[in-house]
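Right, one structure below, let's go through it.
The sequence lines fix the lettering, A, B, ..., with proteins before strands; numbering per chain opens at 1.
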Protein chains: 2
Amino acid sequence: MRPRNGAIDQKARSFIEAARRDQIVQAAVEILSELGYAKTSFARIAEHAGISAGLISYHFDNKSDLFQQVVADINALMDGWLTEHIGDADTYREALRRLIEGFVLFCDSHRAHVLALGQLLAGVGGQENGELVRSQREQSVGQIEQMLREGQEHGEFRDFSPRFMAVTLLGSLEAIPGELFARPGTDVAAYAKELSMTYDLAVRRSRLRRITRG
Amino acid sequence: MRPRNGAIDQKARSFIEAARRDQIVQAAVEILSELGYAKTSFARIAEHAGISAGLISYHFDNKSDLFQQVVADINALMDGWLTEHIGDADTYREALRRLIEGFVLFCDSHRAHVLALGQLLAGVGGQENGELVRSQREQSVGQIEQMLREGQEHGEFRDFSPRFMAVTLLGSLEAIPGELFARPGTDVAAYAKELSMTYDLAVRRSRLRRITRG
DNA sequence: ACCTGAACACCGTTCAAGT
DNA sequence: ACCTGAACACCGTTCAAGT
């Protein structure tokens with residue numbers, strides 16, 4: 001029958017199927033970033049990719065399935081970028097700095113991807129629509145949360161709710177694509193420095209209580 | 001002391017037209033918050049309001065016009081709430097604290113409104129779609145930016161780009177509705193305290209340099 | 001297996017027609 | 001002025017039919 005399409009678990013796909021899915025996702029990213037969510041349709045994606053609209057439905061269960069794959073692919077790209085950027089930081093404080101500055105640089109150098117992602121992350125109200133999108137976001141929160149918690153356990157960060165701080169930081173990060181779009185001339189390096197410094201001030205132990213170190 | 005909230009250019013409207021528009025906006029808020037953006041259609045809004053779908057098009061130029069009115073109305077509601085909550089704060093530091101905690105409380109006590117807003121703020125990529133939505137956001141950024149700049153001029157805050165910090169803070173604030181939706185049992189009062197403390201740490205002058213204080 | 005194009009139900013918008 | 005319901009072009013999805 002038809003290929004099983006569940007977005008997340010990588011089912012074994014034929015060479016041509018994998019290629020088609022990549023092609024469609026790529027076209028979706030470009031249309032989303034150029035025309036925005038409202039004007040993004042299967043017809044336009046298909047036209048841009050030089051295929052029929054029906055073929056998209058053949059390779060993806062539905063619109064939501066396609067968009068979830070888009071989000072997953074961009075997240076994977078970003079994850080690789082950030083992992084490489086964080087590298088072997090000696091301290092959690094340094095890792096946090098690199099995470100933040102790395103994210104800003106990623107936004108700057110992948111504007112189309114990050115704009116498309118912004119179009120899709122949207123809200124969290126729709127129940128069935130963004131099920132997997134929400135779980136992707138939950139994963140991002142979880143990764144940041146864990147880094148913050150470990151930093152606390154190593155005595156580098158002050159006492160705060162890691163969950164709360166992860167949500168707060170992620171909010172600040174997700175505001176960046178919109179800002180770069182609204183003000184394309186933004187000094188990205190300066191923005192990155194300001195953001196990492198701001199969160200360094202927000203999470204560090206107070207001077208008075210910082211006794212032990214290293 | 002607060003900037004005027006230009007709540008959309010109020011065209012002279014008849015009593016019945018104003019009532020209909022309010023009714024339609026109200027229905028849109030409920031459908032958006034309950035079903036999410038994807039499932040929100042004129043047909044469903046009209047059914048929920050007990051009118052024909054054509055009547056919505058009669059009172060609003062188009063879908064975008066309706067949604068912009070929804071955003072404007074919710075923003076006006078929030079603006080009133082925050083203005084009252086900030087009140088006559090003695091210092092900018094205190095005003096910032098009240099702004100942040102007031103916003104968290106607003107999100108908690110107006111979940112439907114704030115969820116609907118989250119569905120609409122979405123991305124910034126679509127060119128014609130969210131024109132006024134973007135300008136509303138720009139206005140929010142501008143108001144926060146001005147408060148931060150004045151706080152700097154009064155020597156209460158450290159040296160940072162007010163524009164950058166406003167965008168960063170607004171990002172953290174806009175992450176709240178999603179978090180309250182994802183974790184309805186969140187301790188809202190504690191969240192508010194953590195957030196205001198976090199930004200207090202982020203913007204205050206360093207202990208060493210804080211000499212004068214009026 | 002892979003892909004197209006027609007068919008279907010639904011969408012936002014328009015508009016002739018009613019009050 | 002206010003409102004309806006039919007008509008229109010477009011949407012996502014399905015599916016018979018082609019390779």
Side-chain angles (χ1 to χ4, degrees), chain A residues 1-7 11-28 31-32 35-70 119-120 122 126-133, chain B residues 11-25 27-28 31-32 35-70 119-120 122 126-133:
Chain A
M1 298 295 286
R2 320 256 195 68
R4 282 280 164 274
N5 286 341
K11 298 283 180 176
R13 306 192 193 280
S14 73
F15 173 79
I16 187 131
E17 183 178 4
R20 277 288 187 218
R21 286 175 61 95
D22 282 348
Q23 178 196 24
I24 293 167
V25 167
Q26 173 66 15
I31 296 296
L32 276 167
L35 303 184
Y37 185 89
K39 289 192 170 181
T40 295
S41 66
F42 278 19
R44 267 184 261 256
I45 294 172
E47 184 191 18
H48 191 260
I51 58 178
S52 72
L55 188 55
I56 300 180
S57 288
Y58 175 77
H59 284 292
F60 295 91
D61 287 344
N62 48 45
K63 199 181 174 187
S64 185
D65 184 37
L66 167 60
F67 286 163
Q68 282 164 7
Q69 188 64 55
V70 172
Q119 291 292 320
L120 297 178
Q127 34 249 53
E128 87 195 81
N129 188 31
E131 191 51 50
L132 233 162
V133 168
Chain B
K11 298 223 174 189
R13 305 193 194 280
S14 73
F15 173 78
I16 188 130
E17 183 177 3
R20 276 289 186 220
R21 285 173 63 96
D22 281 349
Q23 179 196 23
I24 292 167
V25 166
I31 297 296
L32 276 166
L35 304 183
Y37 185 88
K39 289 193 170 181
T40 295
S41 66
F42 278 17
R44 266 184 263 257
I45 294 172
E47 183 191 18
H48 191 260
I51 58 177
S52 72
L55 188 54
I56 300 179
S57 288
Y58 175 75
H59 284 292
F60 295 91
D61 288 344
N62 49 46
K63 197 181 175 187
S64 186
D65 184 37
L66 167 61
F67 286 164
Q68 282 163 6
Q69 189 64 55
V70 172
Q119 290 292 319
L120 297 178
Q127 34 247 53
E128 85 195 85
N129 190 30
E131 192 51 50
L132 230 163
V133 169

With sugar-phosphate taken as primed atoms, P, OP1 and OP2 and all else as base, the protein-contact string of nucleotides 2-8 of chain D at under 4.0 Å (heavy atoms; B, S, -) is BSBB---

Out of D/dT13, C/dC11, D/dC11, whichever nucleotide has its closest atom nearest the side chain of B/R44
C/dC11

To the nearest angstrom, how far is B/L66 atom CG from C/dT13 atom C1'?
13 Å

Between atom CD1 in A/I24 and atom P in D/dG12, what is the gap in whole Å?
13 Å

B/S41 side chain near C/dC11 phosphate (N/O to OP1/OP2, under 4.0 Å)
yes

Could you give the CD-to-C1' distance, from A/E47 to D/dC10, as a whole number of Å?
14 Å

So if I take every side-chain heavy atom of A/K63 and compare against D/dT13, C/dT13, D/dC11, which nucleotide ends up nearest?
D/dT13

Which residues share a side-chain hydrogen bond (donor to acceptor under 3.5 Å, both in side chains) with A/Q23, sequence neighbours left out
A/R20

Residues two or more places apart in sequence or in another chain: which of them pass salt bridge (charged side-chain N to carboxylate O under 4.0 Å, His left out) with B/E47?
none

Rounded to whole angstrom units, what separation is found between the CG atom of B/D65 and the P atom of C/dG12?
14 Å

For atom CZ of B/F42 and atom P of C/dA9, their distance in whole Å
23 Å

Using atom OH of B/Y37 as one end and atom P of C/dC11 as the other, report the distance to the nearest whole Å.
14 Å

Give, for atom CD1 of B/I31 and atom NE2 of B/H48, the distance between the pair rounded to the nearest 0.5 Å.
4.5 Å

In this structure, how many angstroms lie between the P atom of D/dT14 and the CD1 atom of A/I56, rounded?
14 Å

For DNA chain C, please output the secondary structure as dot-bracket, reading 5' to 3'. Pairs are Watson-Crick or G-U wobble, both atom distances under 3.5 Å; mark crossing pairs with [ ], other-strand partners with |, unpaired with a dot.
||.|||||...|||||.||

Using atom CG of B/N62 as one end and atom P of D/dA9 as the other, report the distance to the nearest whole Å.
19 Å

Nearest 0.5 Å please: distance from the CD1 atom of A/I24 over to the CD1 atom of A/I45.
8.5 Å

Do A/R21 and A/E17 have side chains that approach each other closer than 4.5 Å (heavy atoms only, starting at C-beta)?
yes

Expected list for residues 49-63 of chain B: side-chain donor-acceptor pairs under 3.5 angstrom, two or more places apart:
from  : atom 1 : to    : atom 2 : distance (Å)
B/S52 : OG     : B/L55 : N      : 3.4
B/N62 : OD1    : B/S64 : N      : 3.2
B/N62 : OD1    : B/D65 : N      : 2.8

Nucleotides 17-19 of chain D: which of its N/O atoms have a protein N/O under 3.5 Å away?
none

Parallel, tilted or perpendicular, as decided by the 30° and 60° cut-offs, for the rings of B/Y37 and A/Y37:
perpendicular

Closest non-hydrogen contact found for A/R13 with A/A18 is CB-N, 4.4 Å

